Structures are given as C-alpha cells and as structure tokens.
Protein chains: 2
Amino acid sequence: MSTRQETPSGNLSTDVAYQSIRAKILSGELAGGAWLRENELANQLGVSRTPVREALGRLVADGLARHEPNRGVRVEEWTPRDLNEIYDLRVLLESHGTAMAALNPATDVVLLDKLASEMTLITEQRHPDFGRLTELNNNFHSTLLESSGNERLTTVVASIVQVPLVRQTFARYNQAELERSMAHHHEIVRAVEAGDAQWAEAIMRAHLRAGWSAMQRFLIASRPKGRTDGQADA
Amino acid sequence: MSTRQETPSGNLSTDVAYQSIRAKILSGELAGGAWLRENELANQLGVSRTPVREALGRLVADGLARHEPNRGVRVEEWTPRDLNEIYDLRVLLESHGTAMAALNPATDVVLLDKLASEMTLITEQRHPDFGRLTELNNNFHSTLLESSGNERLTTVVASIVQVPLVRQTFARYNQAELERSMAHHHEIVRAVEAGDAQWAEAIMRAHLRAGWSAMQRFLIASRPKGRTDGQADA
DNA sequence: TCAGGGAAGATTGTATGGAATACGGGCGAT
DNA sequence: ATCGCCCGTATTCCATACAATCTTCCCTGA
C-alpha cells in the first residue's frame with residue numbers, strides 16, 4: 001500500500017523485526033549512528049535474537065544500517081555529499097524511466113492525471129495533509145517507473161532513494177515551490193500523454209532538481225547542531 | 001584483487017560460506033534454479049548452519065539467489081528479458097559515469113591507458129587469456145566509475161550487473177568484435193583525456209551496446225536445451 | 001599524577017536442538 | 001481409473017546455549 005518492495009520474505013518473526021526496525025529508522029525514532037543491539041531489539045519485539053540478526057542483515061543490505069565487525073550494527077548516517085550522490089542517481093534513473101514511460105502506450109495516463117489532480121487539491125487546502133501528499137507523490141513516481149517497462153528500474157531506485165531523507169520533503173517547500181512542484185506533475189502527465197519522451201524526461205529532471213535545491217537549503221540550515229548519541233529517549 | 005565490493009563483513013565462518021557459495025554460483029557449478037540446502041552446504045564447508053543461513057541471506061540481497069518461504073533458497077534464474085533490463089540500466093549508469101570521469105581532472109588517465117594497452121596485447125596473442133582479459137576489463141570499467149566522483153555509482157552498477165552472465169563475454173566475441181572492443185577502450189581513454197564528456201559518454205554507450213549485441217546472439221543460440229536440475233554432479 | 005596492564009562485563013558470532021511447515025507417496029472412496 | 005485425504009519425511013524457522021571478541025574501568029607502579 002505504502003511504497004512496495006518491502007521484501008516480505010514470508011516468514012513471521014523475521015518480517016516483524018525487519019518492518020519494525022525499518023520503521024523506527026525511517027521515522028527518525030532511531031537517529032543516525034544509533035546502535036542496534038540484538039538483545040534490546042529482541043526483547044522489545046518479543047522474539048529471539050536470531051530473527052533480529054536476520055533483519056539487521058537485511059537492513060545493512062538495504063543500506064539503512066552499517067555493520068561493524070564484532071561491534072554491532074548501527075544506523076547509517078548521511079552526509080550532504082551522500083545526499084548529493086543519491087539525488088544525482090535518482091535524477092538519472094527517474095528521468096530515463098519517465099522517457100520510457102512516455103514511449104509506452106500501456107502507461108496509465110488516467111491514473112497519473114488523477115494522482116496529480118488530487119495532490120493539487122491537497123496543496124490548495126488551508127492545512128495540507130503532507131503525509132497523504134507524500135503517499136500520493138510516491139505513488140505517482142512509482143507508477144511512472146513501473147510504466148518504463150524495466151522492472152528493475154523500480155527496485156533500483158527504491159534501493160537508492162531510501163526515504164529517511166526524502167520524508168517530509170513537501171513540508172519544507174514554500175508556497176511558490178509547492179505550486180511549481182504541482183505544475184511539474186501535470187506537465188509530466190501531459191508530456192507522457194503526448195508520447196514525447198524528451199519533453200517528459202526534461203520536465204522530470206527539472207522536477208527532481210528543483211526538489212533537490214529545496215532539500216539543500218534545508219540541509220544547510222540545520223547543519224551541525226551538536227552530536228546526538230542516537231536514541232531519542234530511553 | 002578480483003572485483004571488489006565483496007562485503008567483507010569481517011566475520012570468519014560467515015564470509016567463508018558467502019564467498020564459497022558465491023563462487024559456486026558465478027562459476028556455474030551451481031546452475032540457476034538449484035536448491036541451496038543449509039545442511040548440505042554446512043557439511044560441505046565444515047561450519048554450522050547459522051553462518052550458512054547468513055550467507056544465503058546476503059546472496060538473496062545481492063540478487064544472486066531467491067528466497068521461497070519455508071521452502072528454502074535457490075539460485076536465481078535469468079531470463080533474456082532480465083538481461084535486457086540489466087543492460088539498459090548498465091548502459092545508462094556507466095555512460096553517465098564515464099561522462100563524469102571525463103570532467104574530473106583527477107581521473108587516472110595513465111592507468112586507464114595502461115589497462116587498455118595490456119588488454120590489446122592479450123587479444124593479439126595466439127591464445128588469448130580470457131580470464132586475465134576479463135579481470136583487466138573489470139578493472140577498466142571500475143576505474144572509470146570510481147573516477148566519476150559518485151561513490152554510489154560503483155556499488156549500484158556492481159549490484160546490478162552481477163557477473164554470472166557477463167562472465168566470459170570476451171570468449172564469445174569473434175575477431176572483429178574483439179578488435180572493435182579494444183578500439184573502444186582506447187577511444188574512451190582519449191575522450192576522457194580530452195575532457196570531452198559527451199564524446200566519452202557516447203563511445204562508452206556504443207561500447208556497451210555492442211557487447212550487448214554479441215551477448216544476445218549467444219543467448220538466442222543456446223536457448224532451451226532442456227531443464228537442468230541444477231547440481232552439476234553429486 | 002599519569003601510563004600500562006589485566007580482569008570483569010557486555011555484545012557479537014557460532015553451534016545445535018526443537019517446533020512449524022511444506023512436499024510426496026500410498027491408500028481408500030467414488 | 002481418478003480424485004482426494006492422510007501421514008511420513010525432509011527442511012526451514014526460531015530459540016537457546018556456548019565461545020570469541022571487544023570495551024571499560026580499576027588497580028598497580030613509577
């Protein structure tokens with residue numbers, strides 16, 4: 001429902017552990033650099049250490065955590081440089097996917113249009129529901145990628161972008177940026193509808209670059225702030 | 001030495017298991033679709049099932065194997081469509097990386113030139129050492145990606161390409177293709193040396209597309225061949 | 001006062017046993 | 001004869017026990 005690609009291994013305890021820990025990281029409850037203790041997590045979740053270890057391994061593979069031999073696993077930290085790299089790749093891959101989607105007659109333009117319109121509606125309200133907006137936005141971008149005809153493209157982008165950073169992007173936009181972002185969405189739909197791959201690719205690139213610009217401004221603002229030890233509370 | 005990015009978790013048994021099983025898959029000793037039994041592998045490798053399970057989990061994360069709940073893990077199988085998707089992404093990412101490398105003054109052109117020359121030398125011999133050639137080629141492409149200034153680019157490409165398919169590509173080239181491939185390498189070096197990003201990107205794209213073309217021919221030739229059960233022998 | 005060593009505690013890494021689950025063969029019913 | 005059910009076997013999945021390793025802190029000695 002939310003994003004997809006949740007790696008539902010089909011087990012029980014392992015998935016519970018994986019989802020729980022992942023959610024804690026993405027929500028920010030577990031800050032960057034925080035240690036992920038096997039025992040602690042196992043007790044919290046009411047399972048043994050084995051599935052917790054397995055879940056941690058997957059998080060490391062996802063790039064959300066880092067493994068330090070004989071020391072443990074800690075939540076990954078993201079430098080501005082990391083974010084820059086990630087956005088570069090995202091722009092490259094997503095704009096390419098959008099171009100492919102424009103050439104694909106099976107692309108569901110109606111759905112894209114509906115998503116874009118609903119997002120616009122939300123932004124016009126007095127107190128926009130950014131959570132819902134983010135969800136629709138993810139849906140919009142996913143739909144485009146899935147329409148590219150390259151299944152791997154979706155998973156690769158998902159593995160790169162790893163939303164701990166992108167979360168709540170919209171809340172940082174000022175009114176002008178928000179309106180521009182919505183305009184981008186509609187223009188993307190028009191370009192795809194027209195089957196113009198180059199137009200679609202270009203406007204998607206602009207869309208993402210604009211987002212990155214806003215993100216950068218936020219990063220510069222909230223920079224050092226002293227070192228946190230990770231855990232939000234005990 | 002070989003490729004890099006081996007995920008050296010720093011443990012002992014787990015790494016042994018991971019490397020061993022990975023090698024068996026990449027060498028073809030374990031064919032696509034073969035079951036990876038925990039007990040069997042543990043006995044073979046002289047470790048317990050726990051590190052084997054951990055290794056299997058990593059292989060699944062790498063995309064080299066697939067997990068079927070309560071059934072086990074089996075070696076991933078690649079359809080022609082998969083290979084097509086993979087090559088599309090590879091072309092996109094590598095050509096972009098090459099363009100960036102051309103713009104990066106720190107790119108080690110001397111090393112690239114040396115690698116290209118040594119490869120050419122090998123191909124001019126009576127019985128080319130394709131293993132060595134592949135190694136040098138990997139080195140060439142990795143060097144370019146690392147010079148792009150985007151560290152993630154290297155790991156992303158590595159995670160996508162997963163050499164079980166690309167292995168022995170050169171052995172499939174005919175003489176003309178082999179010579180063209182070598183010429184491409186030298187031209188790439190020249191383009192990077194000249195700092196011409198568009199030239200570099202274009203020739204790299206041609207280089208990879210040509211390789212994909214040869215690969216396709218091979219795939220069509222050796223298509224169905226009856227279902228193998230995996231294990232080469234018992 | 002400060003540097004060095006060493007032991008205790010904590011945490012990860014590995015091994016193994018028991019519970020749960022899925023598959024395959026045989027038997028019986030229709 | 002074929003379909004469906006049941007049970008035995010094999011294998012994964014989870015729990016727990018043990019071993020190895022790292023960290024910390026105190027104690028000793030100069």
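Just so you know, these numbers use all the heavy atoms, side chains as well, and skip hydrogens, waters and symmetry mates. All chains are named by letter (A, B, ...) in the order of the sequence lines, taking the proteins before the strands, and each is independently numbered beginning at 1. As the structure is a computational prediction, the values presented were derived from the model and not from experiment.
- Nearest to the side chain of B/Val47, among C/dG13, C/dA15, C/dT21, sits C/dA15.
- Judged by distance alone, with hydrogens and angles left aside, A/Arg71 brings no side-chain donor or acceptor close enough to the base of C/dG13 to form a pair under 3.5 Å.
- When only modelled atom types and interatomic distance are considered, A/His185 and A/Asn137 share a side-chain donor-acceptor pair under 3.5 Å.
- Applying the side-chain hydrogen bond (donor to acceptor under 3.5 Å, both in side chains) test between A/Ser95 and each of A/Arg205, A/Arg209, A/Arg90, A/His207 identifies A/Arg205 as the sole match.
- Counting non-hydrogen atoms under 4.0 angstrom, A/Leu56 reaches nothing in the nucleic acid.
- You'll find that the side chain of B/Ser48 is closest to C/dA15, out of C/dA15, D/dC13, C/dT12.
- Contact check on B/Arg152 versus A/Asp82 returns a salt bridge, with a Lys/Arg side-chain nitrogen under 4.0 Å from an Asp/Glu carboxylate oxygen.
- For the 3.5 Å distance criterion, the side chains of A/Ser142 and A/Asn139 fail to qualify, holding no donor opposite an acceptor.
- To the nearest angstrom, P of D/dA15 lies 14 Å from CG of A/Leu41.
- For A/Glu77 and A/Arg66, the salt-bridge test fails: no basic side-chain N is under 4.0 Å from an acidic carboxylate O.
- Straight-line distance from the CG atom of A/Leu12 to the P atom of C/dT21: 9 Å, rounded to whole Å.
- The CZ atom of B/Arg37 sits 8 Å away from the C1' atom of D/dA10 (whole-angstrom rounding).
- Residue A/Thr14 places at least one side-chain N or O closer than 4.0 Å to OP1 or OP2 of D/dC14.
- Separating the CD atom of B/Glu54 from the P atom of D/dC13 is a distance of 14 Å, rounded to the nearest angstrom.
- Per the geometry, CZ belonging to B/Arg53 stands 7 Å off P belonging to D/dC14, to the nearest Å.
- Distances shorter than 4.0 Å separate none of the side-chain N or O atoms of A/His67 from OP1 or OP2 on C/dT11.
- Checking D/dT21, D/dA15, D/dC14 against the side-chain heavy atoms of B/Arg49 singles out D/dC14 as nearest.
- At whole-Å resolution of the value, CG in B/Asp15 and P in D/dA20 are 18 Å apart.
- In this structure, B/Glu38 atom CD and C/dT16 atom C1' are separated by 13 Å, rounded to whole Å.
- Residue-to-nucleotide proximity on DNA chain C shows that, of A/Val73 and A/Thr50, the 5′-proximal contact is made by A/Val73.
- Between B/Leu36 atom CG and D/dT11 atom P the separation is 13 Å, expressed in whole Å.
- When distances run from any side-chain atom of A/Asn70 to the nucleotides C/dT11, D/dT12, D/dC22, the shortest one goes to D/dC22.
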